[in-house]
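Nothing fancy with the numbering, it's 1 onward along the sequence. Because the structure is predicted, anything quoted here is derived from the model rather than measured.
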Amino acid sequence: MDDWPVGTVPTHANPIQRMATFAAFASLALALATWFFVPLAWAGESPSIRKPRIVVMTDIGGDPDDRQSLVRFLLYSCDFDVEGLCTGFGYGHYEKTRPDLIRQAVDAYAEVVDNLRKHRADFPSAERLRGLIKDGFNGDPHKVGPGMDSEASEWIIRVVDRDDPRPVWFSIWGGPRELAQAIWKVETTRSAKELAAFKRKIRVHSIADQDRTAEWVKTHHPDVFWIYSNGLFRGIWKEGDQSLVSPAWLERHVLTGHGPLGTVYPPKASGKDGVKEGDTPSFFYVLPNGLSDPEHPEWGNWGGRFRPSGRGREYVAAEDLMDGKPDMLYTIHRWRRAYQNAFQARMDWCVKPCEDANHEPAAVLDGDRGRRILQISTDPGATVRLSAAGATDPDGDRLRYRWWVYAEAGTYWAEAPISGATKPEATVSVPRDAAGRTIHVILEVTDTGNPPLTAYRRAILRVSGRPVSPPPGAFGVPEALRRPVTRLEGPPRATGPWRFYRAVNINGTPLEIDGNRWEGEDAPNYRCDGRALNSPHVSLRPPTDPQRAKMIHSFRWGRKVEVTLTHVPEGSYAVYVYVWEETNPTTFTLRLDGRVVQRDYYSGTRGQWRRLGPWTTRVRDGTIRLAARGGDANLSGIEVWQKASP
């Protein structure tokens with residue numbers, strides 16, 4: 001998992017010699033792998049390399065995008081120790097499992113694996129993959145318990161029990177019921193110590209938690225490592241450059257002229273023509289390509305970036321800044337050109353000889369030829385020199401370099417200047433206010449083949465010293481959303497004087513916040529037309545006092561929500577509104593008395609809340625109207641201050 005080939009043919013080699021040597025390495029490695037039963041990660045690579053262990057759990061037979069993801073997964077089966085291909089259920093598919101569809105894809109793979117092995121000697125045999133197909137439970141998809149074992153759940157226990165120190169990654173494309181049943185059985189048949197050891201080896205990347213057993217695991221076994229990709233996975237196809245996931249791209253690079261695997265790739269999925277593959281991020285996340293370490297969801301990679309939810313070992317969607325705006329989908333689609341180019345190249349491997357296809361370069365960081373993340377200690381104001389010297393390309397292509405700071409992945413809120421950002425040698429200037437913070441520097445090494453392929457390395461600069469407080473409004477600084485909010489003041493005194501006029505808990509009872517008495521939803525001279533909802537169990541970010549939390553959790557929502565206060569005396573007023581996100585991010589616009597006061601507000605990830613404002617308005621007709629339009633807005637409270645006479 002950590003090393004690239006040390007015997008790579010030099011970039012300057014003669015093309016005929018280069019491809020002959022490459023093919024010789026591949027043939028020799030395949031012979032050795034067959035003789036010694038050693039899983040090699042690259043032709044010519046050290047047999048000591050250990051790949052990530054992975055079990056796919058798919059609700060294949062529902063949305064065709066599972067079949068799409070399965071084709072791509074098979075092309076990456078050489079990068080993992082695949083230990084299970086399990087069927088199950090998921091949204092819109094709770095009737096009958098379909099192991100036959102996995103077999104169909106593996107049968108297509110069997111027809112191209114010999115050609116794939118010309119490019120990578122360590123592609124597993126079709127026979128081995130067929131032996132890993134395990135059927136899930138054809139019963140209630142939301143329950144675990146006695147008499148509910150399945151071939152898949154029993155296999156999962158065997159896999160986790162193996163004498164292997166590596167964790168087992170569960171790439172869950174539907175519901176996690178078979179894993180939950182395995183945990184239930186171990187819990188009821190073994191000691192507490194044995195159960196704890198079993199759970200310590202489990203790593204989950206779940207696409208949308210598509211049955212109720214996910215909640216059972218999180219409630220009863222919160223120590224299970226669980227990445228919950230709720231909505232973030234859509235970044236694989238949504239937003240970004242749509243030409244790379246279009247029907248035309250798919251037709252050219254997958255469906256036509258690329259052999260049997262291209263033929264079994266569905267040309268459309270639920271709600272999307274072309275590439276959808278909503279489940280692909282769950283194995284992209286574990287892909288050992290030098291970009292990240294899957295044990296650190298907050299670092300980000302092709303499968304997205306995540307943050308602790310505050311509930312056990314659960315991680316939920318994080319956000320990266322796209323054009324200055326937070327966007328969780330961008331944590332995936334920022335890498336789209338690279339992962340689609342890689343898909344195109346691997347589809348070529350199905351039908352082309354080595355000399356006619358492209359292969360990933362090998363990136364080197366400060367002399368390290370592995371894929372591990374390098375940790376570098378430094379000081380505020382220092383300069384850090386980084387080198388990609390020694391990077392090679394197996395096809396002899398010219399290499400291009402790009403060094404950049406992945407600010408959202410670190411704990412420093414801004415970018416650090418880099419000189420030589422497009423050269424093999426670069427220098428990072430550590431800002432003086434980065435004391436006590438981390439700065440993530442990404443190295444991209446891209447070849448000039450067709451299509452261009454990218455290899456990655458990451459260095460984390462750990463800056464000494466006591467952390468400096470971030471500036472107001474700094475994005476992505478962890479403590480900014482962990483520091484409790486216990487009091488908020490009214491409008492700035494310099495614009496006043498102001499006095500508290502009234503506040504309404506939009507979908508709740510009267511309460512007191514910041515020393516001011518709030519009215520409840522039954523208040524006179526007040527109306528809100530949104531749909532009522534209360535979600536008291538969602539952890540708020542940042543945390544706040546109980547009364548404010550109670551108000552935020554109880555809200556009214558909709559694409560068109562309007563709050564109206566009547567019988568308001570003539571005068572000048574300052575208006576605040578409390579908004580929060582209960583599920584997935586959305587964008588909406590707020591108008592106060594017909595004037596746009598907040599355009600395209602991004603609600604953030606689950607649990608985030610803000611008091612927006614103050615916005616001033618002049619009341620002449622006795623009415624204050626606040627309207628939200630666009631995406632589903634969650635409005636919790638409105639707070640109004642009146643400008644007093646001097």
Roughly how far apart are [X] [atom1] and [Y] [atom2], rounded to 0.5 Å?
{"X": "D327", "Y": "T587", "atom1": "CG", "atom2": "OG1", "result": "8.0 Å"}
{"X": "D447", "Y": "D393", "atom1": "CG", "atom2": "CG", "result": "4.5 Å"}
{"X": "W237", "Y": "L244", "atom1": "CH2", "atom2": "CG", "result": "16.0 Å"}
{"X": "Q344", "Y": "L250", "atom1": "CD", "atom2": "CG", "result": "11.5 Å"}
{"X": "L70", "Y": "L85", "atom1": "CG", "atom2": "CG", "result": "7.0 Å"}
{"X": "W173", "Y": "I60", "atom1": "CH2", "atom2": "CD1", "result": "7.0 Å"}

Say whether, by atom type as modelled, one donor and one acceptor occur between the side chain of [X] and the main chain of [Y] under 3.5 angstrom.
{"X": "D209", "Y": "A214", "value": "no"}
{"X": "E360", "Y": "T446", "value": "no"}
{"X": "R120", "Y": "C78", "value": "yes"}
{"X": "T411", "Y": "T438", "value": "yes"}
{"X": "N301", "Y": "Y285", "value": "yes"}
{"X": "S282", "Y": "D279", "value": "yes"}
{"X": "R371", "Y": "S292", "value": "no"}
{"X": "R437", "Y": "L461", "value": "no"}
{"X": "D348", "Y": "K352", "value": "no"}
{"X": "R458", "Y": "L291", "value": "yes"}

Tell me every residue that passes ring pair (Phe, Tyr, Trp, His ring centres under 6.0 Å) with W299, counting only those two or more places apart in sequence or in another chain.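 W299 satisfies ring pair (Phe, Tyr, Trp, His ring centres under 6.0 Å) with H296, H440 once adjacent residues are dropped.
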
What verdict does the side chain to side chain donor-acceptor pair (under 3.5 Å) test give for S69 and T280, after you've listed the backbone C-alpha separation in whole Å, the side-chain angles of each residue and the deciding distance to 0.1 Å? CA-CA 5 Å; S69 289; T280 294; 2.9 Å; yes

Heavy-atom closest pair, residues A416 and S429: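 Shortest heavy-atom contact: CB-O, 3.5 Å.
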
On a heavy-atom basis, which atom in V364 and which in A391 lie closest, and how many Å separate them?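 Result for this residue pair: CG2-N, 3.8 Å.
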
Looking at [Y] and [X], is any side-chain nitrogen of the basic one under 4.0 Å from a carboxylate oxygen of the acidic one?
{"X": "R162", "Y": "E83", "value": "yes"}
{"X": "D164", "Y": "R50", "value": "yes"}
{"X": "D366", "Y": "R457", "value": "no"}

What I'd like to find out is whether the side chain of [X] reaches to under 4.5 Å of the side chain of [Y], using heavy atoms alone.
{"X": "M328", "Y": "E319", "result": "yes"}
{"X": "T427", "Y": "L386", "result": "no"}
{"X": "S125", "Y": "V113", "result": "no"}
{"X": "I332", "Y": "K238", "result": "no"}
{"X": "V254", "Y": "F343", "result": "yes"}
{"X": "L75", "Y": "W349", "result": "no"}
{"X": "T454", "Y": "N341", "result": "no"}
{"X": "I156", "Y": "F170", "result": "yes"}

In a check of side chain to side chain donor-acceptor pair (under 3.5 Å) between K51 and each of D81, D122, D79, which one passes?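 Exactly one candidate clears the test, D122.
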
Which residues share a salt bridge (Lys or Arg N to Asp or Glu O under 4.0 Å) with [X], sequence neighbours left out:
{"X": "R305", "result": "D320"}
{"X": "R307", "result": "none"}
{"X": "K201", "result": "none"}
{"X": "R337", "result": "D241"}

Centroid separation H205 to F306 less than 6.0 Å: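 Between F306 and H205, which both carry aromatic rings, the centre distance is below 6.0 Å.
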
For H359 and H119, I'd like to know if the aromatic rings sit close, meaning centre-to-centre distance below 6.0 Å.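 Ring-ring flag for H359/H119: true, centres closer than 6.0 Å.
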
Between T58 and R67, does the side chain to side chain donor-acceptor pair (under 3.5 Å) criterion hold? Intermediate values first, please. CA-CA 9 Å; T58 171; R67 295 165 63 194; over 6 Å; no

Using the six-membered ring wherever Trp is involved, compare the ring planes of W302 and Y456 and label them parallel, tilted or perpendicular (cut-offs 30° and 60°).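 Aromatic pair W302/Y456 classed perpendicular.
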
Can you tell me how the ring of F225 sits relative to the ring of W169, calling it parallel under 30°, perpendicular over 60° and tilted otherwise?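 Rings of F225 and W169: perpendicular, as their planes differ by over 60°.
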
Could you check Y339, F233, F73 and say which one makes a ring-ring contact (aromatic ring centres under 6.0 Å, His included) with F283?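 Of the listed options, the one satisfying the test is F73.
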
Can you list everything that forms a side-chain contact (heavy atoms from CB on, under 4.5 Å) with R402? Sequence neighbours excluded, please.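 Applying side-chain contact (heavy atoms from CB on, under 4.5 Å) to R402 gives W404, E444.
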
Before giving the answer on side chain to side chain donor-acceptor pair (under 3.5 Å), spell out for Y265 and E277 the whole-Å C-alpha distance, their side-chain angles and the decisive distance to 0.1 Å. CA-CA 10 Å; Y265 189 104; E277 294 192 39; 2.6 Å; yes

May I ask you to check whether E425 and Y401 show a side-chain donor-acceptor distance below 3.5 Å?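 No, because no side-chain N or O of E425 sits under 3.5 Å from a partner of the opposite role on Y401.
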
Option passing salt bridge (charged side-chain N to carboxylate O under 4.0 Å, His left out) with D223 (candidates K199, R311, R200):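 For D223, the salt bridge (charged side-chain N to carboxylate O under 4.0 Å, His left out) test succeeds with only one of K199, R311, R200, which is K199.
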
Evaluate V428 against T383 for side-chain contact (heavy atoms from CB on, under 4.5 Å), listing each step before the verdict. CA-CA 6 Å; V428 182; T383 56; over 6 Å; no

Test side-chain contact (heavy atoms from CB on, under 4.5 Å) on K276 and Q68 and set out the steps. CA-CA 8 Å; K276 183 181 180 185; Q68 292 183 339; 3.5 Å; yes

Evaluate the side-chain contact (heavy atoms from CB on, under 4.5 Å) criterion for residues R400 and K423: first the C-alpha distance (whole Å), next the side-chain angles of each, then the deciding distance (0.1 Å), finally the verdict. CA-CA 8 Å; R400 295 173 295 178; K423 298 178 180 179; over 6 Å; no

Residue pair L329, R234: steps toward the side-chain contact (heavy atoms from CB on, under 4.5 Å) verdict: CA-CA 7 Å; L329 302 187; R234 295 186 178 98; 4.1 Å; yes

Tell me, yes or no, whether the heavy-atom count around R166 atom CZ, taken from other residues, nucleotides or ligands under 6.0 Å, exceeds 12.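 Enclosed: over 12 neighbouring heavy atoms sit under 6.0 Å from CZ of R166.
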
